[in-house]
Structure formats: structure tokens, C-alpha cells
Amino acid sequence: MADSRSPRDGRFIEQLGSYNPNTNPATIVLDSDKALKWLNVGAQPTLTARRILSYEGVLLRKHLQEGVAKGALTQAQADEKFAAWKAGQDQKIADKKAGLKNEAIAKAKEAKAAEAKVNEARAEAIAKKKAEAEEAARKAAEEAAAEAAEAVETPAE
């Protein structure tokens, strides 16, 4: 949490968490209770911070707490709704991780099959060259033997 009037790399009021977009899915570490406290006292998150808070369910909790304060629902109902949402969100993340893992396994199998195909083609090419070399050596040996046989048959003059 930083004051909007402070410089870009200025002092923070309070650090609520961290965000690492380099992992898949992105790693978000957030103290949602502190974030909710700041939202309740009037903090205005940036667009990016708002999306992260929404992804983590902080904005939903704030919305449910406002409903409890107005009497639209009880605290138990609000907790139940949030727990159901959180379970769905956790399931989506787990499904994404499983999908990424399965995709990585499939890519590895595909790469291994492609490598095996290339190796097989190389082995065939080597075997073909070896067979051609053996055939050429055999023909050369036959020609040498035929020439030797002709030299023996033809008397020297």
C-alpha cells in the first residue's frame, strides 16, 4: 500500500503481499485481511491491484460484508457464499495446473517420438551408406579377382 502522492519508488505505507507473473499460473501472496481493512477505510486500489484483489476474493468479501452490514444476509450466509466461491476458485487453479502438467507431459512424449523418428532415419541412412560401401568393396574385389584371373589365363609374351 503506497500513498498516491508519493514518488514512484517512494516509501510504502504497508506491504500487503507480492505478485510474481513469471510463474504459470502467476504466484500471488496476499494478506487478504490487511487488504480488506484498507479497503474498508477507503483505500482506492489501482486497476492492476483491483484485479489481483478480485482474483483473491478480497473484493467479494468486502461486498459480502457490506451486505451483512445492511442486513441483506447473515454472517453465516456470507461465509458460506465466500467458502463456495473460494472452493470453485481453488478448483479452477488446480485444473489449470493439472492441464499444464498434462500438456508438458504430452509435449515431452511428442518430442521423444520426434527424436526417435530422426534417430531411426539417421540409422537407416548410416546402414544404407554402409551397405553401399560394402557393395562397392565387393564389386572392387570381384573386379580385382577377375583381372587377376585374366592375367593368369593370358600367357605372358
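- Using a 4.0 Å cut-off between charged nitrogen and carboxylate oxygen, Arg138 and Glu134 do not count as a salt-bridge pair.
- Hydrophobic clustering (ILVMFWY, side-chain heavy atoms < 4.5 Å, transitive): Val58 and Phe82 are in distinct clusters.
- Within the structure, the salt bridge (charged side-chain N to carboxylate O under 4.0 Å, His left out) test picks out no pair touching residues 115-124 (sequence neighbours left out).
- More than 12 heavy atoms of other residues, nucleotides or ligands sit less than 6.0 Å from atom NZ of Lys86.
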Under the side-chain contact (heavy atoms from CB on, under 4.5 Å) rule, what do Trp85 and Leu60 come out as? Steps first, then yes or no, please.
-> CA-CA 9 Å; Trp85 176 87; Leu60 176 63; 3.5 Å; yes

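- Considering all non-hydrogen atoms of both residues, Asn20 and Asn22 come closest at OD1-N, 3.0 Å.
- Across all non-hydrogen atoms, the minimal contact from Leu64 to Ala78 is CD1-O, 3.4 Å.
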Stepwise side-chain contact (heavy atoms from CB on, under 4.5 Å) test for Gln65 and Asn40 | CA-CA 10 Å; Gln65 291 301 324; Asn40 286 334; 5.7 Å; no

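- Every residue meeting the salt bridge (Lys or Arg N to Asp or Glu O under 4.0 Å) condition with Glu103, not counting sequence neighbours, appears here in chain and number order: Lys107.
- Interatomic distance, CG of Leu73 versus NZ of Lys81, reported as 5.5 Å (0.5 Å rounding).
- Summarising the local packing, CD of Glu14 is surrounded by more than 12 heavy atoms from other residues, nucleotides or ligands at distances under 6.0 Å.
- Once rounded to the nearest 0.5 Å, the distance linking CD1 of Ile105 with CG of Leu100 reads 11.0 Å.
- Heavy atoms from other residues, nucleotides or ligands lying under 6.0 Å from CD of Glu142 number more than 12.
- Linking Ile, Leu, Val, Met, Phe, Trp and Tyr residues whenever their side-chain heavy atoms come within less than 4.5 Å places Leu39 and Leu16 in a single cluster.
- Of the inter-residue distances, the one linking Ser18 atom OG with Ile52 atom CD1 reads 9.5 Å to the nearest 0.5 angstrom.
- In this structure, Glu132 places its CD atom where more than 12 heavy-atom neighbours from other residues, nucleotides or ligands lie under 6.0 Å away.
- Residue pairs meeting the salt bridge (charged side-chain N to carboxylate O under 4.0 Å, His left out) criterion with at least one partner in residues 39-64, sequence neighbours excluded, are Asp33-Arg61, Lys62-Glu66.
- One distance of note links NZ of Lys109 with NZ of Lys112; it measures 10.0 Å at 0.5 Å rounding.
- Taking 4.5 Å as the limit, some side-chain heavy atom of Leu53 sits within range of a side-chain heavy atom of Leu30.
- For Tyr19 against Ala26, the heavy-atom pair with the smallest separation is CE1-CB, 3.7 Å.
- Looking at every heavy atom in both residues, Val68 comes nearest to Thr74 through CG2-O, 3.7 Å.
- Hydrophobic clustering keeps Leu47 apart from Ile28 (ILVMFWY residues linked when any side-chain heavy atoms are closer than 4.5 Å, directly or through intermediates).
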